[in-house]
Amino acid sequence: DLARAHDAGGLAVQVEPEESLEREVALANVRVRAGEMSVERQDQGDGELRDRVRRIVGHVHHREAEVVRSAQIDVVEIDPEVTNIVYKHLGLPANTRIKTYNTDGRWFVMNCTEKYDLVFTDAYNDLSIPYHLTTKEFASQLKSIMKPDALLMSNIIDNFQVGAFLPSYIRTLREVFGQNVYLLSVSPDFENTRISTFIVIAGNGNLDIHDFDAHVKRLLQGHATSVVVPDNLMDEFMTKRSSILIRVDYAPVDNLIAP
């Protein structure tokens with residue numbers, strides 16, 4: 001959490017292989033919880049099971065640790081005192097699969113030799129944004145540490161009606177991941193959704209967001225409140241809203257989130 005930003009909403013990941021933990025599939029049954037929404041991604045081919053999940057955020061909470069027991073999780077947290085507090089006061093046991101690196105997130109990515117199935121970024125809020133984690137250059141670096149068909153999920157807070165950061169961030173990711181970038185909203189009431197938490201999903205490969213959405217509806221049978229923003233609304237959102245390509249040499253994120 002490079003700006004000491006708070007965890008706004010949180011994400012949790014669960015890898016639940018169909019077989020024993022000795023086997024794995026790329027993104028084997030990955031369940032992603034964003035707010036009240038749970039999404040489970042179906043098996044996509046065979047492979048050995050040590051899925052790696054990387055999170056550039058404030059620390060993983062005890063609740064989240066319970067649902068990620070079968071995944072190897074690397075957390076990047078710039079403040080070691082935050083890590084100490086999580087272990088001492090928030091109930092995270094020392095013998096989990098969670099490994100914490102107390103360093104700058106971009107520095108970690110630049111020097112990373114691992115490949116990940118899931119990458120979470122949760123360092124952005126509506127008051128302060130670490131600009132160097134929003135740029136096209138950083139998105140390219142994230143892509144380089146992702147396995148084929150891996151997912152990047154970013155927790156974003158913005159005003160859906162007038163905010164400029166959300167469309168700019170989506171535009172920037174599309175420069176790196178193509179049109180394979182989608183948006184989850186915590187509410188299907190788009191006309192009345194204003195400042196809220198959103199999840200931007202980018203696929204490092206072929207992500208069928210419609211199959212993704214259909215699988216969620218089958219799995220949860222109406223219990224999920226979050227939804228995938230429809231294609232037509234996304235097209236309108238990206239066409240009509242003012243946005244910029246966020247680059248290292250031009251990243252006015254404070255202006256983009258200004259009311």
Side-chain angles (χ1 to χ4, degrees), residues 1-41 43 47-109 111-125 130 133 142 145-147 150-155 186 197 199 219-220 223-224 226:
D1 182 352
L2 303 170
R4 308 286 292 277
H6 64 280
D7 181 4
L11 294 172
V13 177
Q14 184 172 7
V15 179
E16 298 178 310
E18 295 282 340
E19 305 175 34
S20 72
L21 293 183
E22 299 304 316
R23 291 188 55 78
E24 134 190 305
V25 229
L27 288 173
N29 283 339
V30 176
R31 179 175 299 164
V32 180
R33 179 165 298 160
E36 296 182 28
M37 177 176 181
S38 295
V39 190
E40 184 174 304
R41 186 166 180 181
D43 296 354
E48 178 186 327
L49 208 176
R50 277 190 313 266
D51 282 28
R52 296 190 67 88
V53 179
R54 177 162 170 275
R55 177 172 176 156
I56 311 176
V57 296
H59 227 287
V60 176
H61 296 293
H62 178 65
R63 171 181 57 82
E64 296 171 322
E66 288 301 312
V67 297
V68 292
R69 289 188 299 269
S70 58
Q72 174 65 46
I73 302 176
D74 294 341
V75 175
V76 182
E77 166 55 58
I78 197 170
D79 188 348
E81 189 57 32
V82 172
T83 301
N84 292 334
I85 290 172
V86 168
Y87 283 111
K88 291 180 180 179
H89 303 292
L90 299 183
L92 182 66
N95 61 344
T96 69
R97 293 173 180 257
I98 300 170
K99 185 174 182 179
T100 301
Y101 298 85
N102 293 128
T103 187
D104 177 86
R106 185 167 183 179
W107 180 256
F108 179 91
V109 173
N111 294 280
C112 182
T113 59
E114 298 288 353
K115 297 288 185 179
Y116 294 88
D117 300 286
L118 294 172
V119 176
F120 298 96
T121 63
D122 190 14
Y124 322 121
N125 63 27
L133 299 186
L142 286 176
I145 67 169
M146 295 168 62
K147 292 181 182 179
L151 294 180
L152 167 64
M153 305 187 73
S154 298
N155 193 27
V186 297
T197 297
I199 305 298
L219 178 70
L220 299 178
H223 294 293
S226 299

Tell me if a side-chain donor or acceptor on N102 pairs with a main-chain N or O of E77 at a distance below 3.5 Å.
yes

Mind checking the CD1-NZ spacing from I145 to K147? Nearest 0.5 Å is all I need.
12.0 Å

Any side-chain heavy-atom pair of T121 and L142 under 4.5 Å
yes

Where D74 and Q72 come nearest, the two heavy atoms and their spacing
OD1-NE2, 3.6 Å

Nearest atoms (heavy-atom pairs only) where Y87 meets L92:
CD2-O, 3.2 Å

Evaluate the side-chain proximity of T103 to I78: yes if any heavy-atom separation is below 4.5 Å, no if none is.
no

For the atom pair OG1 (T197) and CG (D122), what is the distance rounded to the nearest 0.5 Å?
8.5 Å

Between R97 and I73, is any pair of side-chain heavy atoms under 4.5 Å apart?
no

Check: L133 main-chain N/O paired with Y124 side-chain donor or acceptor under 3.5 Å:
yes

Closest non-hydrogen atom pair, P130 against A123
CD-O, 3.1 Å

Nearest heavy-atom approach of W107 to D104 is N-OD2, 3.0 Å

Sorted by chain and number, sequence neighbours left out, side-chain contact (heavy atoms from CB on, under 4.5 Å) with K88 holds for none

